[in-house]
Amino acid sequence: MTTNRENDITAYNFDVFNNFENFFDTSHDLFCVAGYDGYFKRINPAVSKLLEYTEEELFTSPINDFVFESDKEKTITVRNELRKKIPLFDFENRYLTKSGQVIWLTWTSIPVEEEQLIYAVAKNITHKKVLEKERKLHLKQLTEINEEFKKLSYATAHDLRSPVNNMLSIFELIETDEIKNEETLEFIAILKNAAHTLKENLNEYIKLLNLKNQNNNNQLEEVSLSDCLNEVLTSINSLIQNSEASINIDFSKIEKIKFNKSYLKSIFLNLITNSIKYAKPNTLANISIRSEITNNSTQLIISDNGIGFDLDKVKNKVFGLHQTFNNHSDSNGIGLYLVHNYVTNLGGEISLESRLNEGSIFTITFKD
């Protein structure tokens, strides 16, 4: 005679069994029971659905018949390991569906020797593998673009030195003593100074490119923010005067940083000229350049009152190569890309705060 408790236990065991059956049958992961003979003994519906074979087709052929040809040998190897009572975790191989699609699976398999069975669970990771392949392709393309960009930069710097040297030679031949017009003398002096600055920058860029081609990482030095900025402002003095831009400078928090001088001058040059170039119509550019110490990190903050960016639309593209966001004739999508690379190549970070017609704030945080 059975007691009520025994009846309850029997009912409970029956319910648990049914729950496990439901779990087995409804799971989206692939549940398999395979024999040591290399055949499926039991599978859940997800296996048939993914591989596009009926249960009968999957049960009557060796498992290896469904494995992608290139992965058959390694699959046999790990299956032999399972027979030696060695569990398998995160093993990846490819299967071929009935329609010819290649499916990537990752397996966890546990052998039970006394039953001569292997209990296995597999996840479909095809999407992950496709993304990984695309990432590698994009990385390869980016590397090729970067190499071409370096070659172009190197060739451009070298090719520009000759006309710059010719320009400086012409200035040396000009007899300024015979020129009486003060304004003309001033223009000649500005042009001569700009040519000298251009020559120095080209020489520094070529030196830097040579160092990078030699895998030399000795690019850092102690540089003065004021000195670098003054060199840049002198080189674009005419642009500043013609635009009537105002520039407010405050390096009282910190005046010297550990950085690359050529990079720093290019950062100043690109961000200042952009602020002038993209000033709001009928509004004079107002540019602020200051240094800060935030959370023990050195920062350079450059802000303006220009046309700004709609970051909801372009946030992830601002520092991309050849990304332009307006119809300005001089836009080429290189300046901010260079600034970003100069900062990040030396371990720093750059962020942007901006709204349309409310200006932009670039914050550069240097590596400690």
Side-chain angles (χ1 to χ4, degrees), residues 142 146 149-150 152-154 156-157 160 193-194 196-237 239-240 247-277 287-304 318-321 333-354 360-368:
L142 184 60
N146 190 46
F149 188 71
K150 284 200 295 185
L152 178 62
S153 298
Y154 194 78
T156 302
L160 284 175
N193 186 61
H196 273 293
T197 302
L198 179 57
K199 180 182 178 180
E200 290 174 4
N201 287 342
L202 287 172
N203 287 337
E204 289 181 5
Y205 289 142
I206 291 171
K207 180 181 177 182
L208 183 60
L209 287 168
N210 284 331
L211 286 173
K212 293 191 80 171
N213 289 337
Q214 296 167 9
N215 294 320
N216 189 329
N217 292 320
N218 186 25
Q219 303 175 28
L220 298 176
E221 58 183 311
E222 187 176 66
V223 292
S224 164
L225 293 172
S226 297
D227 290 347
C228 285
L229 179 58
N230 287 336
E231 287 186 41
V232 170
L233 295 180
T234 300
S235 68
I236 59 172
N237 182 57
L239 174 64
I240 295 171
I247 301 178
N248 305 300
I249 304 164
D250 181 6
F251 294 144
S252 59
K253 297 292 177 64
I254 190 163
E255 212 283 325
K256 293 185 177 181
I257 62 170
K258 198 81 171 178
F259 202 64
N260 180 276
K261 187 176 181 180
S262 297
Y263 283 5
L264 184 58
K265 288 198 291 186
S266 183
I267 290 169
F268 278 135
L269 179 65
N270 279 289
L271 294 183
I272 293 171
T273 54
N274 274 2
S275 294
I276 295 174
K277 187 192 307 181
I287 306 165
S288 169
I289 305 173
R290 57 190 174 89
S291 60
E292 287 286 350
I293 298 290
T294 304
N295 297 326
N296 296 321
S297 294
T298 302
Q299 292 184 326
L300 176 65
I301 301 171
I302 300 179
S303 59
D304 62 46
V318 170
F319 298 109
L321 182 60
I334 293 178
L336 291 181
Y337 171 81
L338 288 175
V339 169
H340 180 268
N341 275 267
Y342 291 150
V343 174
T344 56
N345 281 349
L346 293 181
E349 298 177 357
I350 181 169
S351 63
L352 169 64
E353 297 176 44
S354 185
S360 302
I361 303 173
F362 291 91
T363 302
I364 298 169
T365 303
F366 298 99
K367 181 180 179 182
D368 294 336

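Quantities reported herein were computed from a predicted structural model and do not represent experimental measurements. One is the number of the first residue; the rest follow in order along the sequence. Heavy-atom basis, side chains included; hydrogens, waters and symmetry copies ignored.
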Results of side-chain contact (heavy atoms from CB on, under 4.5 Å) for Ile254 - residues two or more places apart only
Ser291, Ile293, Thr298
Apply side-chain contact (heavy atoms from CB on, under 4.5 Å) to Asp227 and list each qualifying residue two or more places apart in sequence or on a separate chain.
Ser224
In Å, rounded to the nearest 0.5 Å, how long is the span from [atom1] of [X] to [atom2] of [Y]?
X	Y	atom1	atom2	answer
Glu221	Lys256	CD	NZ	11.5 Å
Leu338	His340	CG	NE2	11.5 Å
Leu269	Leu264	CG	CG	11.0 Å
Lys367	Asn345	NZ	CG	11.5 Å
Ile287	Ile249	CD1	CD1	9.5 Å
Ile301	Thr294	CD1	OG1	6.0 Å

Just so I know, are the side chains of [X] and [Y] near enough to count as touching, which here means a heavy-atom distance under 4.5 Å?
X	Y	result
Leu271	Leu336	yes
Phe268	Ile289	yes
Phe259	Leu346	yes
Thr365	Asn295	no

What's the verdict on side-chain contact (heavy atoms from CB on, under 4.5 Å) for Leu300 and Phe251, showing C-alpha distance, side-chain angles and the deciding distance?
CA-CA 9 Å; Leu300 176 65; Phe251 294 144; 4.0 Å; yes
Flag for Ser226-Asn230: side-chain donor and acceptor within less than 3.5 Å:
no
Name the residue from Ser288, Ser354, Ser275 that meets the side-chain hydrogen bond (donor to acceptor under 3.5 Å, both in side chains) definition with Asp304.
Ser275
Quick check on side chain to side chain contact (heavy atoms under 4.5 Å, CB included): which of Ile236, Ile240, Val232 does Thr273 satisfy it with?
Ile236
Shortest non-hydrogen contact from Phe366 toward Gln299
CE1-C, 4.3 Å
Which atom names give the shortest non-hydrogen contact between Lys261 and Cys228, and what distance separates them?
CG-SG, 3.7 Å
